[in-house]
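The next block holds one structure in the form of structure tokens; read it before the comments.
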Amino acid sequence: MQTQVAIIGAGPAGLLLGHLLRAEGIECVVLERQTGPYVLSRIRAGVLEQVTVGLMERLGLDARMKAEGLAHDGFHLADGKRLIRIDIAGLTGKQVMVYGQTELTRDLMEATAGRGLEVIHEAADVALHDIESDAPFVTFRKDGAACRLDARLIVGCDGFHGPSRKAIPASAGREYERVYPFGWLGILADVPPCNHELIYANHERGFALASMRSHARSRYYVDVPLAERIEDWPDDRIWDELAIRLGPEAAAHITRGPAIEKSIAPLRSYVFAPMRHGSLMLCGDSAHIVPPTGAKGLNLAASDVHYAAEALVRFFKAKDPDGISGYSDKALARVWKSERFSWSLTRLMHRFPEDGAFERAMQVAELDYIAGSRAAQTSIAENYVGLPV
Ligand code: APR
Ligand code: PHB
């Protein structure tokens with residue numbers, strides 16, 4: 001098989017890129033290890049920045065998002081005493097769209113056949129070859145048969161554990177990493193949310209987040225030590241903990257219900273640089289991870305894809321390679337700012353086991369500063385709605 005761009009991974013990054021390239025008449029094939037239903041069973045965050053909404057609009061795949069998504073004008077930070085509202089619309093003139101990553105991925109997946117985007121699911125043993133040449137190729141197995149896909153460029157959209165980043169020689173890149181001493185225990189339930197906006201809480205018992213997928217479906221999180229087991233968290237224990245950590249105002253409006261999904265996810269900050277090596281470009285989680293505080297993961301994948309699509313269109317249509325050679329610097333400039341914001345919001349809103357009285361006093365002072373300063377709130381708001389691409 002031969003194509004112009006081989007895309008590894010059919011998560012949101014790979015599907016978005018595939019659709020953008022097809023819309024420009026560039027040939028591509030997407031190789032995905034899992035089945036479509038498996039990809040859709042992964043529950044991820046659900047707050048979209050303008051960059052992500054804009055790409056769906058550009059593709060004409062925004063109808064369901066516009067009908068079912070919830071546009072939010074603000075969110076709250078709770079510090080155990082009060083709710084500090086960050087008026088993102090008032091401070092930045094922008095909103096965020098609450099719409100699950102699962103739903104966005106479903107919209108992209110359902111449009112593949114109609115738009116002639118070829119996605120090969122259950123592609124096993126995907127391996128990248130000759131990425132330092134102008135004729136890279138990918139080998140894989142499909143239904144037991146050995147297959148080969150030749151391309152001019154390969155884009156790795158295969159998440160943190162995929163083979164793309166690992167194909168880059170260690171001497172050609174650098175890893176930056178911070179692993180956090182806790183994970184987020186998430187619960188999804190078909191109950192109305194406790195507030196019409198999100199609440200991120202820093203309580204003496206730990207972090208909590210009240211989020212939602214719709215007016216009838218809520219998503220909540222509490223942070224737990226990494227060694228914790230999901231079996232030790234029956235639904236009632238999670239609801240009790242949420243009620244304490246989110247504070248009495250939110251607790252009064254919590255509706256409890258059976259979990260339809262429950263899982264523990266570790267928190268990590270990670271960047272691999274550069275994001276291009278030879279004929280291989282990386283997008284999304286394959287190149288970087290942010291902790292979920294601030295919901296930047298999917299949005300960063302979308303901004304990478306925006307830059308990558310721009311570079312690839314320039315390469316194939318104008319025969320100009322400068323977009324490809326400048327891709328990594330351009331993408332990383334935005335990646336690092338989102339890494340900083342996600343890390344700083346994580347630092348502010350969690351109780352770290354190694355923290356002493358001084359670190360705690362710094363959190364109290366910072367939350368108090370934010371509560372009283374329009375400048376501080378504006379800084380948080382402009383990062384939350386998403387920095388420009
Ligand atoms: N071969 C083919 N596909 C693979 C392989 C492989 N060896 N390994 C992984 N993949 C696929 C995964 O099955 C998955 O469908 O690559 C896809 C990667 O998707 P995501 O992990 O969702 O990553 P990305 O598309 O970059 O989206 C970023 O996802 O994890 C969240 O926080 C993150 O919300 C952000 C978004
Ligand atoms: C979610 O709804 O799952 C969610 C929302 C905001 C975050 C993280 C996760 O910061």
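Given the structure is predicted, the values throughout are model-derived calculations rather than measurements. Just so you know, ligand 1 is whichever comes first in the structure, and atom 1 is the first atom listed for that ligand.
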Inset, instruction - List the closest protein heavy-atom neighbour of atom 14 (C) of ligand 1: residue, atom name, distance to the nearest 0.1 Å. - result: Arg42 NH2, 3.1 Å
Legend entry - Cationic N near anionic O, under 4.0 Å, Arg213 to Glu103: no
Inset, instruction - Decide yes or no on side chain to side chain donor-acceptor pair (under 3.5 Å) for Tyr221 and Arg219, but give the supporting numbers first. - result: CA-CA 7 Å; Tyr221 300 91; Arg219 179 73 168 159; 2.9 Å; yes
Legend entry - Closest contact, heavy atoms only, Pro163 versus Asp158: CD-OD2, 2.9 Å
Legend entry - Under 3.5 Å: N/O of Gln101 near N/O of ligand 1: yes
Inset, instruction - Considering only non-hydrogen protein atoms, determine which one is nearest to atom 19 (O) of ligand 1 and report residue, atom name and distance to 0.1 Å. - result: Gly11 CA, 3.6 Å
Inset, instruction - Check whether any N or O atom of Tyr200, backbone or side chain, sits under 3.5 Å from an N or O atom of ligand 2, and answer yes or no. - result: yes
Inset, instruction - May I ask you to check whether Arg44 has an N/O atom sitting below 3.5 Å from an N/O atom of ligand 1? - result: yes
Inset, instruction - Run the numbers for me: atoms of ligand 2, each under 4.0 Å from some heavy atom of Trp184, listed by number. - result: 8 (C)
Inset, instruction - Return a yes/no value for Arg213: is any of its N or O atoms, backbone included, closer than 3.5 angstrom to an N or O of ligand 2? - result: yes
Legend entry - Heteroatom proximity flag, Ser286 to ligand 1, N/O under 3.5 Å: no
Inset, instruction - Compute the shortest N/O to N/O distance between Met212 and ligand 2 and return yes if it is under 3.5 Å, no if not. - result: no
Legend entry - Within-cut-off N or O pair, Leu198 and ligand 2, under 3.5 Å: no
Legend entry - Cys157 neighbourhood, listing ligand 1 atoms whose heavy-atom distance to it stays under 4.0 Å: 16 (O), 17 (C), 18 (C)
Legend entry - Polar proximity ligand 2 side, Ser211 side, N/O cut 3.5 Å exclusive: yes
Legend entry - Side chain, backbone, both or neither: Leu31 near ligand 1, heavy atoms under 4.0 Å: backbone
Legend entry - Residue, atom name and distance, where the atom is the protein heavy atom closest to atom 7 (N) of ligand 1: Pro163 CD, 3.2 Å
Inset, instruction - Evaluate the side-chain proximity of Leu246 to His203: yes if any heavy-atom separation is below 4.5 Å, no if none is. - result: no
Legend entry - Taking every non-hydrogen atom, the tightest pair across Cys194 and Ala210: SG-CB, 3.8 Å
Inset, instruction - May I ask you to list the atoms of ligand 1 that are less than 4.0 angstrom from any heavy atom of Gln34? - result: 13 (O)
Inset, instruction - Return a yes/no value for Val39: is any of its N or O atoms, backbone included, closer than 3.5 angstrom to an N or O of ligand 1? - result: no
Legend entry - atom 11 (C) of ligand 1 - nearest protein heavy atom and its distance: Glu32 OE1, 3.3 Å
Legend entry - Gln363 side chain to Arg360 side chain, donor-acceptor N/O pair below 3.5 angstrom: yes
Inset, instruction - Have a look at ligand 1 and work out which part of Pro12, if any, has a heavy atom under 4.0 Å from it: side chain, backbone, both or neither. - result: both
Inset, instruction - Could you see which bit of Ala45 sits under 4.0 Å from ligand 1, with heavy atoms only: side chain, backbone, both or neither? - result: neither
Legend entry - Geometric class of the Trp336/Tyr176 ring pair [parallel <30°, tilted 30-60°, perpendicular >60°]: perpendicular
Legend entry - Val126: numbered ligand 1 atoms lying under 4.0 Å from its heavy atoms: 1 (N)
Inset, instruction - Determine whether the side chains of Tyr99 and Glu68 contain a donor N or O and an acceptor N or O closer than 3.5 Å. - result: no
Legend entry - Residue and atom name of the nearest protein heavy atom (relative to atom 5 (C) of ligand 1), distance in Å to one decimal: Arg33 NE, 3.6 Å
Legend entry - Interfacing atoms of ligand 2 (cut-off 4.0 Å, heavy-atom, Pro292): 7 (C), 8 (C), 10 (O)
Legend entry - Ion pair check, Asp355 and Arg347, cut-off under 4.0 Å: yes
Inset, instruction - Among all protein heavy atoms, pick out the one at the shortest distance from atom 25 (O) of ligand 1; state its residue, atom name and that distance to 0.1 Å. - result: Ala13 N, 3.0 Å
Legend entry - Side chains of Phe160 and Phe272 in contact at under 4.5 Å (non-hydrogen atoms): no
Legend entry - Donor-acceptor contact below 3.5 Å, side chain Arg33 vs main chain Gly162: no
Inset, instruction - Using a 4.0 Å heavy-atom cut-off, say whether Leu209 meets ligand 2 through its side chain, its backbone, both or neither. - result: side chain
Inset, instruction - Just need the protein heavy atom nearest to atom 26 (O) of ligand 1, so name the residue and atom and give the distance. - result: Asp285 N, 2.9 Å
Inset, instruction - Would you mind listing which atoms of ligand 2 come within a distance below 4.0 Å of any non-hydrogen atom of Ala295? - result: 6 (C), 7 (C), 10 (O)
Legend entry - atom 9 (C) of ligand 1 - nearest protein heavy atom and its distance: Asp158 O, 3.2 Å
Legend entry - N or O pair under 3.5 Å between Gly284 and ligand 1: no
